[in-house]
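Below: the structure, in structure tokens.
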There are 2 protein chains.
Amino acid sequence: MIFGFDEGELKILLIKRKEAPEEDKWALPGYFVEKEEALDAAAQRVLRQMTGLEDVYLEQLATFGQPGRHALGRVITVAYYSLVKIDDFEPKAAGLAREVTWHTVHNLGDLAFDHAEIVAVALKQLRESIRLRPVGFELLPPAFTLTELQHLYEAIWETELEKRNFRKKILAMNLLRDLGQVQQNVAHRPAKLYEFDESRYRALEKSGFNFEVKENRR
Amino acid sequence: MIFGFDEGELKILLIKRKEAPEEDKWALPGYFVEKEEALDAAAQRVLRQMTGLEDVYLEQLATFGQPGRHALGRVITVAYYSLVKIDDFEPKAAGLAREVTWHTVHNLGDLAFDHAEIVAVALKQLRESIRLRPVGFELLPPAFTLTELQHLYEAIWETELEKRNFRKKILAMNLLRDLGQVQQNVAHRPAKLYEFDESRYRALEKSGFNFEVKENRR
DNA sequence: GCAAAAGTGTTTCATCTACACCCATGT
DNA sequence: ACATGGGTGTAGATGAAACACTTTTGC
């Protein structure tokens with residue numbers, strides 16, 4: 001699964017299959033693991049083939065192996081999900097795909113095979129994951145505003161957060177570096193741009209710090 | 001992986017292999033998935049064959065598929081872990097096993113294949129899991145004391161907790177039912193026995209309650 | 001009566017929550 | 001000058017942390 005964030009919405013990259021079974025249905029991108037290939041390497045390879053991206057956040061999710069989940073025989077899927085910065089690439093149809101596009105993650109409609117279930121599991125994990133680890137930043141451009149970050153959490157949690165407390169909480173963690181720059185050409189007071197300070201996070205983590213964002217609803 | 005809790009220690013059930021490769025090394029119990037068997041069903045089957053137990057907590061952990069991790073060919077392992085009440089059964093050697101015994105989970109020594117890595121991943125997940133969900137009770141007998149529960153957390157987290165605050169926190173959740181019974185034949189004031197009220201937990205969960213045990217070190 | 005663990009209350013401090021107004025920019 | 005979102009401070013409530021002593025049993 002490839003997650004992205006754009007226009008305030010959590011998106012997922014789907015392909016429209018050009019082959020049976022499940023021809024013309026939307027499906028998760030994926031392909032077979034090679035004979036002597038590690039699972040992580042296979043996930044990275046498929047991701048690279050789909051997006052051209054390397055060095056992105058990639059994590060194993062779960063393995064799905066119900067008999068009968070694929071019409072042509074027993075297929076066991078080791079699902080991975082990755083978080084990408086959505087404007088780092090332009091989706092192009094290739095391989096199994098007739099079309100490749102971003103879909104808003106809520107209301108995906110029917111998906112091929114058991115892919116709806118896989119997406120549901122991924123979403124559940126993603127929601128937990130952004131709460132307890134600073135992975136949300138993987139979905140944002142290198143420089144972002146606090147409001148963008150808040151909208152990211154709101155999109156993933158499907159909730160609205162209280163602005164002042166969210167900002168206070170995030171800034172109090174001391175993990176964002178103020179870039180000294182502001183937005184350009186916006187018809188309102190321009191917001192400050194920040195970047196995530198990964199090295200500081202690693203240092204704090206070692207000394208027992210725990211990242212946590214509370215779900216402080218509005 | 002089969003976790004148990006006994007004598008204040010977190011234990012794991014290991015088999016001593018009676019066949020090459022890795023003969024006579026301690027290994028995680030496991031076996032092949034059948035041709036038309038679901039993964040969950042296979043995990044349950046292996047667990048039943050090892051312990052005779054059914055209806056226990058069982059959860060998929062992760063999938064391990066490095067080429068070369070098994071000497072005789074490519075083996076991909078879908079690891080599950082289960083939490084059992086340790087005195088519900090007596091381990092008996094069978095199948096691949098020359099011996100089957102409980103081992104204290106810290107300082108396991110060398111394990112067969114990459115099983116040490118699998119145990120490490122499981123431990124990490126178990127630590128998170130007992131913090132955020134009431135799964136610790138799966139490791140305790142149906143009636144337990146608060147001190148036993150505390151020792152369970154201490155064993156899994158490898159830390160010491162502050163007694164009063166731990167008890168206050170746990171009791172405040174209102175998830176334990178006082179059985180009105182006390183320990184028998186102990187050379188000190190007998191402790192009250194409690195049971196976990198699962199139906200109350202399910203109800204609270206639906207109305208937005210989140211189980212969480214803080215790591216309040218002593 | 002002594003050893004051993006069970007059980008309990010309160011104060012202090014930190015964090016969370018709720019809330020309303022001024023600021024900087026483009027048009 | 002107005003519309004738009006950016007940005008901030010504080011008081012009150014809540015929860016966490018730290019602390020020592022009394023109780024009940026077996027021997």
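All chains are named by letter (A, B, ...) in the order of the sequence lines, taking the proteins before the strands, and each is independently numbered beginning at 1.
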| message | What is the distance, to the nearest angstrom, from the CZ atom on Phe166(B) to the P atom on dA16(D)? | response | 14 Å
| Atom-to-atom span, CG of Asn216(A) to P of dG15(D) - whole angstrom | 14 Å
| Length of the CD1-P vector between Ile170(B) and dG15(D), whole Å | 16 Å
| query | Between Arg217(A) and Gln184(A), which has a closest nucleotide on DNA chain C that is more 5'? | reply | Arg217(A)
| field | Nucleotide dA20(C), atom C1' - distance to CD of Glu162(A) in whole Å | value | 11 Å
| request: For nucleotides 5-11 of chain C, just jot down a letter per nucleotide in 5' to 3' order: B, S or -, based on protein non-hydrogen atoms under 4.0 Å. | output: BBBBBB-
| field | Any donor-acceptor pair under 3.5 Å from Glu99(A) side chain to Ala97(A) backbone | value | no
| Gap between atoms CD and P, on Gln150(A) and dG7(D) respectively (whole Å) | 11 Å
| message | Check the orientation of Phe89(A) and Trp102(A). Use parallel for under 30°, tilted for 30 to 60°, and perpendicular for over 60°. | response | tilted
| message | Rounding to an integer number of Å, can you tell me how far Met173(A) CE sits from dA14(C) C1'? | response | 16 Å
| Parallel, tilted or perpendicular: rings of Tyr201(B) and Phe209(B) (30°, 60°) | perpendicular
| request: Indicate, with yes or no, if the rings of Phe64(B) and Phe113(B) have centres closer together than 6.0 Å. | output: no
| query | Quick one: Leu161(A) CG to dA18(C) C1', roughly how many Å, whole number? | reply | 15 Å
| request: For the residue pair Tyr57(B) and Tyr81(B), categorise the inter-ring angle as parallel (less than 30°), tilted (30 to 60°) or perpendicular (more than 60°). | output: tilted
| task | Could you state the atom-to-atom distance from CD of Glu212(B) to C1' of dA16(D) in whole Å? | result | 12 Å
| Are any side-chain N or O atoms of Tyr153(B) and backbone N or O atoms of Ile130(B), one a donor and one an acceptor, separated by less than 3.5 Å? | yes
